[in-house]
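Below is one structure; the comments refer to it alone.
Whatever order the structure lists ligands and atoms in, that order sets their numbers, starting from 1. Side-chain atoms are counted along with the backbone in the values below, which use heavy atoms only and exclude waters and symmetry mates.
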Amino acid sequence: MNDVVIIGSGIAGLTAAIYLARSGIVPVVICGDTPGGQLMQTDNVENYPGFETISGAELMMKTMNQAEKLGAKMIYESVLSVLKNNDNFEITLSSSEQMKSRVVLIATGASHKHLGCKGETEFTNKGVSWCATCDGAMSKGKPVAVIGGGNTAVMEALFLSNIASKVYLIHRRDTLRADEIMQRRVFAKSNIECVWNSNVEEIIGDTKVTAIRLNSGKTIDVAAVFVAIGVKPATEFVKDLVALDSGGYVISDETKTFVPGIFVAGDVENCGTKQAVYAAGRGCLAAQQIERHLGIR
Ligand SMILES: Cc1cc2nc3c(=O)[nH]c(=O)nc-3n(C[C@H](O)[C@H](O)[C@H](O)COP(=O)(O)OP(=O)(O)OC[C@H]3O[C@@H](n4cnc5c(N)ncnc54)[C@H](O)[C@@H]3O)c2cc1C
């Protein structure tokens, strides 16, 4: 019987592991198929306090080493299911091995949908991004494209319009799906141009993105492409266990789910911003809630 099993080894899960290990618990971290989480995908993190600039991989390796040195146990597998059994939980791993735990922390994050067009993978971290807050500053004074038509795409476009010289908002339909008030803000911005009924066929560049080619054949010069066509939280395996909102995010109250003993932290929660420092903070809060639940705080 384990005290705490943490599902996910992104910044939220590892921060929780650090706090729990320092309180005398031996947390077990099930790392999933991306040890280190989403940050492993980025070459350059410039908004994590304490590091002017650091690669995501280096930041996450340091965090993982820190958690391990403090006593957290890492298991390099994925979780297939979690079942409630009286006051405990039974966790089945991808190897079919089963584990028991008094507490489970869901920190499985989310993944951004990809366009699937030519050049997208090649120019990831070279102008193709899924986060304007993270990478927008690198396009200061240059034209950029945002792909999508929902609230996220519109918010990214509005944010970028204060940094970039021009924002092309590329949408596959002839109207935006975003809330009316957000649409009005977009239409009021002189440097945002909506490009309707368009899909990106190719992202073009040399060492970095230089342009996009649309299905109409039109080519637009841009220095960066921000993809905002949807995010999928990794909650399929707990959908019958905890309450999810319509987007699939876990509903929580200060990291506590409605199931006593199950906690949630990070991008997989239905609250807050999707940023590393916030996910770390949620991991800290979850650890402290868990300590209270276990009666050691
Ligand atoms: C390309 C990119 C660049 C970014 N740049 C920045 C930046 O510069 N600054 C910033 O603040 N934020 C940035 N972000 C956002 C940041 O990465 C996320 O907010 C943060 O990683 C969320 O952490 P998390 O721990 O909640 O989830 P994640 O990082 O998504 O980690 C989830 C973990 O859960 C594991 N997992 C999933 N399913 C299972 C399962 N069934 N069983 C076991 N494990 C599972 C995964 O393997 C992974 O280890 C970026 C995101 C991306 C995609």
Specify the protein heavy atom at minimum distance from [atom]: its residue, its atom name, and the distance to 0.1 Å.
{"atom": "atom 39 (C) of ligand 1", "answer": "Thr108 CG2, 3.5 Å"}
{"atom": "atom 44 (N) of ligand 1", "answer": "Gly32 CA, 3.2 Å"}
{"atom": "atom 2 (C) of ligand 1", "answer": "Thr42 CB, 4.3 Å"}
{"atom": "atom 27 (O) of ligand 1", "answer": "Gly109 CA, 3.3 Å"}
{"atom": "atom 18 (C) of ligand 1", "answer": "Asp267 OD2, 3.3 Å"}
{"atom": "atom 49 (O) of ligand 1", "answer": "Thr34 O, 2.7 Å"}
{"atom": "atom 13 (C) of ligand 1", "answer": "Cys134 SG, 3.2 Å"}
{"atom": "atom 15 (C) of ligand 1", "answer": "Lys274 O, 3.9 Å"}

Where's the contact between [X] and ligand 1, heavy-atom distance under 4.0 Å: side chain, backbone, both or neither?
{"X": "Asn47", "result": "side chain"}
{"X": "Ser129", "result": "neither"}
{"X": "Ala107", "result": "backbone"}
{"X": "Val79", "result": "both"}

Show me which atoms of ligand 1 lie under 4.0 Å from any heavy atom of [X].
{"X": "Gly266", "answer": "26 (O)"}
{"X": "Ile30", "answer": "43 (C), 44 (N)"}
{"X": "Ala279", "answer": "22 (C), 23 (O), 26 (O)"}
{"X": "Ala276", "answer": "10 (C), 11 (O), 12 (N), 19 (O)"}
{"X": "Ser78", "answer": "42 (N), 43 (C)"}
{"X": "Ala110", "answer": "30 (O)"}

Determine whether a donor-acceptor pair (N or O, by modelled atom type, separation under 3.5 Å) exists between the side chain of [X] and the backbone of [Y].
{"X": "Thr210", "Y": "Asp206", "result": "no"}
{"X": "Ser101", "Y": "Val103", "result": "yes"}
{"X": "Asn215", "Y": "Asn199", "result": "yes"}
{"X": "Asn2", "Y": "Lys100", "result": "yes"}
{"X": "Asp245", "Y": "Ile251", "result": "no"}

Under 3.5 Å, sequence neighbours excluded: what are the donor-acceptor pairs made by side chains of residues 290-297?
| from | atom 1 | to | atom 2 | distance (Å) |
| --- | --- | --- | --- | --- |
| Glu291 | OE1 | Arg297 | NE | 2.8 |
| Glu291 | OE1 | Arg297 | NH2 | 3.0 |
| Glu291 | OE2 | Ser23 | OG | 3.4 |
| Arg292 | NH1 | Gln289 | OE1 | 3.3 |

Would you mind listing the cluster partners of Val242? Hydrophobic ones only (ILVMFWY), side-chain contacts under 4.5 Å, chaining allowed.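 Besides Val242, the cluster holds Val5, Ile7, Val28, Ile30, Ile75, Val79, Val82, Phe89, Ile91, Leu93, Met99, Val104, Ile106, Phe237, Val238, Leu241, Leu244, Val250, Val259, Ile262, Val264, Val268.
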
Answer with yes or no whether Cys131 contacts ligand 1, where contact means a heavy atom under 4.0 Å from a ligand atom.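 No.
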
Within less than 4.0 angstrom of ligand 1, does Val268 place any heavy atom?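 No.
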
So does Lys208 have more than 12 non-hydrogen atoms from other groups sitting under 6.0 Å from NZ?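 Atom NZ in Lys208 is not crowded, with 12 or fewer foreign heavy atoms closer than 6.0 Å.
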
Answer yes or no: does atom OH of Tyr19 have more than 12 heavy-atom neighbours from other residues, nucleotides or ligands under 6.0 Å?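 Count not over threshold, so no.
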
Out of [options], indicate the one that has the non-hydrogen atom closest to [atom].
{"atom": "atom 33 (C) of ligand 1", "options": "Pro35, Ala137, Ser9, Ala16", "value": "Ser9"}
{"atom": "atom 46 (C) of ligand 1", "options": "Ala234, Cys31, Gly10", "value": "Cys31"}
{"atom": "atom 25 (O) of ligand 1", "options": "Ala12, Gly8, Ser111", "value": "Ala12"}

Same hydrophobic cluster for Tyr168 and Trp130, using side-chain heavy-atom links shorter than 4.5 Å among ILVMFWY?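 Hydrophobic grouping puts Tyr168 with Trp130.
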
Does any N or O atom in [X] lie less than 3.5 angstrom from one in ligand 1, N or O only?
{"X": "Gln275", "answer": "yes"}
{"X": "Val45", "answer": "no"}
{"X": "Ile11", "answer": "yes"}
{"X": "Gln38", "answer": "yes"}

side-chain hydrogen bond (donor to acceptor under 3.5 Å, both in side chains) between Glu90 and Asn88, intermediate numbers included: CA-CA 7 Å; Glu90 278 178 12; Asn88 303 313; over 6 Å; no

Do the charged groups of Glu201 and Lys118 touch, with an N to O distance under 4.0 Å?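 No, no charged N to carboxylate O under 4.0 Å.
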
Between Asp3 and Arg102 (salt bridge meaning N to carboxylate O under 4.0 Å), is one present in this structure?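 Salt bridge present between Asp3 and Arg102.
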
Side-chain contact, heavy-atom cut-off 4.5 Å: [X] with [Y]?
{"X": "Lys126", "Y": "Val209", "result": "no"}
{"X": "Asn65", "Y": "Lys62", "result": "no"}
{"X": "Glu68", "Y": "Thr63", "result": "no"}

